[in-house]
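Written below as structure tokens is the structure these notes are about.
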Amino acid sequence: MDITKFSIPEIIFGRGALKYAGLCAKRLGAEKPMVVSDPGLREAGWVSRLFDVLAGEGMEWCYFEDVVSNPRDFQVAHGALFYAQHQADVIIALGGGSPMDAAKGIAVVVGNGGSIHDYEGANRIHRPLPPMVFLPSTAGSGSDISQFAIITDTRRRLKMTIVSRTLVPNISIIDPNILTTKPRHLVLAAAVDALAHAIESYVSIIASPFTELQSLKAIEMISIYLPLAAREPSLEILEALSIASTAAGMAFSNASLGADHALAHSLGGTFDILHGEVHSVLLPAVMRYNLEAALPKMAQIGRILTGKNIRHERKAAEAGIQSLENLFASLEMKHRLRDVVPDASHLPELCRMAASDACLLTNPRSATWMDLLKICEEVW
Amino acid sequence: MKSPPSLEDLIGIEYSKLGFFREAQEKIAQLHASTLELERRRQQIQAILDGITDVMAVITPEGRITSVNRVFYEVFGGSSPIGRACYNVFRGSDRFCDPCPATIAYETNRLCRQEHILTLQNKTRHFEITASPLRDPQGRPCHILLLKRDVTLEREYQAKLNHAEKMSAVGLLAAGVAHEINNPLTAILGFVQAIRKRLPEVRDRLPQEFRSTLEEYTEIITDECARCQEIVQGLLSFSRPYTGATTAVDLNQCVQETVRLVRHRFREFPGLQYAQELDAKLPPIQGEPSQIKQLLLNLLLNALDALPNGHGAVRVRTFVRNDHEVCLEVQDTGCGIERESLGKIFAPFFTTKPVGRGTGMGLSMCYSIAQAHNASIEVESEPHKGSTFRVVFGLMP
């Protein structure tokens, strides 16, 4: 086995864990943290709950919510300016992947200067970032665990992938309570995203026993709790999805992802599609593309997804993919690319972009942009 | 174009979450270095401030002292004045001085100078106060720097110098008057002598008593005129400007001429015993007579002033010592000179005489005259017993 690495943040998990946000920030030296969130969470009352916690620790704060789904480069720049103007210290992100990735981008620019474009790629961050405390509001993105940040380059209309161990937040506080106010479709989309993380990291060519364990656990839990969540998203079910999503986050942060995410990034960058919604379309097709290259692992996934101990590897793998498609269909999720993307003329360009995405590096079967285009055409 | 990430990049074994430890270390090192540098500069500035011999204080516009230098404690002593009002610390007053140089400097944003006389530890001190505004980066005055220079000695010297100048003006005036008197005096003498010449012609026609009275009177007039002339000559010889031309000088004659000039002062001292011992075989010296007479005059006047209540003896001697030294000596039995003053008596403006009596220039003048003649002055003195001043000339080449 090659030398590998497994790194994750400190994780505080449990119902009501939000109350430790102030203490954690304080331990990291906060006197005036910058809170990054979005209007949805503010309206749901979580932002003011967080403020109460901070006030309880006698802290001041400044609040930034100029963040949209698929955070933009200029929003990061605004956030960094806001941070400097308010002389903030610790960055606290409360939200889904978008506020958390925006917070990471802001932290990079605050700690290193320049613009977020300067840090696109792997390990280009050379100076420390402000301490980060993340509170995920979805069981899916894994951004509170991962070493990745995805920021949209508005000029080039693509998603920049920024990879650095220093992007792993200092502390991740996962409070399943926060998930209870999420709309059902967002909960499901996030869970599908987490499932995609788990599957892609499992078959990744740099997966290690440490990540595989997390991937399998996540696949298993999501396959059980996703249908349940669709019917009745109780706190117990949301908690289980949170555990699964966190496990998937640990796996993909260290093992990276594959072709599905490469395509999802380029789609999201071009058309501003909700990230969680493209996996139901692309993931089964990508799994089919990878099937031969990672047969034993695909078979293992199939056995978990079907819940049946199918001996024959290929059959098990194929049954798994079929079971996944059935699941998405039962959840009334989109399964054709044309439902997501308005017009097919952009697909070649889009696939060329995806071909240079960092996620494609770890895909078990190498893929050119033509291969990716073929996958897209298959699911059109 | 940035190189695309590799698998190794994704695994990132060589990369970790970056901490602030190294940054903090570097910052601490930088801070440490800059602290040392600041301390070094502070000490340098402190040394400069301590090197200033004036009392220095920084005060707020409200008159509160915020810092002082070392000299402050030397002059004013006592405890720290920080936070106290300047008028209270410096003048023991409970309100602002009028006019207050600090307020003027603050309001005009310009330097303000003032002089102030102050009694400190029972001594009257004369201070020159300079108040200059300390400006903030916008150029507005925010504090006032007060410098207090002790100019007591300078002012004393100044006063003495003024007095000496006045005296020299009086001397000049006296010489002018002497010159003016000389002419009528010559006329009076001439006519008296003419009367005396004509007297034998009419002698027989005058009554005996009147004739002898007339003879006696004209003789007195002649004598007194001669005395007047001597005094006038003496004054004139003193006021003659120093030409630098030297001649052979008979010290004994100098003594006689000088003593004649001060004889009138002897009468002010009923208890004075004056004696002079002049060596008849004294060789002449090379010099300027008026200067030597000035020197001797000063020594004589000092001797007279030294006599307590005008009682005592003064003796002037001339003699040859060791075959090659010609000495002129003035000895008195006066109050003598204290040991600690002995080193300073030739310094300009040094005096122990009461205010208004001495200028402190007499002996200093003697010293420079002696120097010009390649002569030295020897002083022997014992408090309450008397002093001896001996001017030692060389033989004429």
Side-chain angles (χ1 to χ4, degrees), chain A residues 2-10 28-29 89 107-108 111-112 117-132 146-148 160-171 201 204-208 211 252-258 355-363, chain B residues 1-46 58-62 64 66-67 82-83 106 109 133-144:
Chain A
D2 288 333
I3 296 170
T4 188
K5 179 165 181 168
F6 187 81
S7 72
I8 55 170
E10 286 182 29
L28 292 170
D89 36 53
V108 169
N112 291 262
H117 308 93
D118 303 338
Y119 307 99
E120 185 184 0
N123 303 320
R124 296 187 189 280
I125 301 167
H126 300 293
R127 293 166 65 86
L129 311 189
M132 292 182 279
S146 80
Q147 60 159 333
F148 298 93
M160 297 183 285
T161 304
I162 302 163
V163 186
S164 169
R165 292 285 175 187
T166 209
L167 284 176
V168 176
N170 300 60
I171 304 177
S201 62
S204 158
I205 58 170
I206 58 170
S208 74
T211 63
F252 92 81
S253 179
N254 292 286
S256 193
L257 296 161
S356 60
D357 192 286
C359 289
L360 201 59
L361 275 176
T362 47
N363 199 58
Chain B
M1 182 63 199
K2 293 160 184 167
S3 60
S6 65
L7 284 182
E8 286 70 30
D9 280 328
L10 294 177
I11 299 170
I13 288 172
E14 293 167 26
Y15 300 92
S16 303
K17 183 155 183 67
L18 299 170
F20 285 90
F21 181 72
R22 222 187 66 167
E23 287 234 323
Q25 293 288 90
E26 278 170 12
K27 275 279 177 318
I28 288 169
Q30 276 173 11
L31 280 175
H32 190 68
S34 74
T35 306
L36 283 180
E37 173 64 14
L38 280 176
E39 176 60 18
R40 198 182 61 75
R41 285 198 202 158
R42 196 194 63 76
Q43 280 176 356
Q44 221 169 31
I45 290 170
Q46 190 60 50
V58 178
I59 63 170
T60 65
E62 294 77 38
R64 298 279 154 194
T66 59
S67 69
I82 308 298
Y106 181 72
N109 198 2
L134 297 177
R135 300 177 181 99
D136 62 14
Q138 281 78 45
R140 289 187 300 261
C142 54
H143 281 85
I144 302 114

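Chain A is the first sequence line, chain B the second, and so forth, proteins listed ahead of strands; every chain is numbered from 1.
For B/Gln25, the side chain to side chain contact (heavy atoms under 4.5 Å, CB included) test picks out B/Phe21, B/Ile28, with sequence neighbours left out. With sequence neighbours excluded, no residue satisfies side-chain hydrogen bond (donor to acceptor under 3.5 Å, both in side chains) with A/Thr4.
Shown here is B/Asp136, whose CG atom has more than 12 heavy atoms of other residues, nucleotides or ligands within 6.0 Å. Few gaps surround CZ on B/Arg135; more than 12 heavy atoms of other groups in view lie less than 6.0 Å from it.
Only the side chain of A/Phe148 has a heavy atom closer than 4.5 Å to any heavy atom of chain B. Residue contact with chain B, scored on non-hydrogen atoms closer than 4.5 Å, is absent for A/Ser356. For A/Asn170, the parts lying under 4.5 angstrom from a heavy atom of chain B are both the backbone and the side chain.
For the atom pair CG (A/Leu361) and CG (B/Leu10), the distance works out to 5.5 Å, reported to the nearest 0.5 Å.
B/Ile11 pairs in a side chain to side chain contact (heavy atoms under 4.5 Å, CB included) with only one of the listed residues (A/Ile3, A/Thr362, A/Asn254, A/Ile206), which is A/Ile206.
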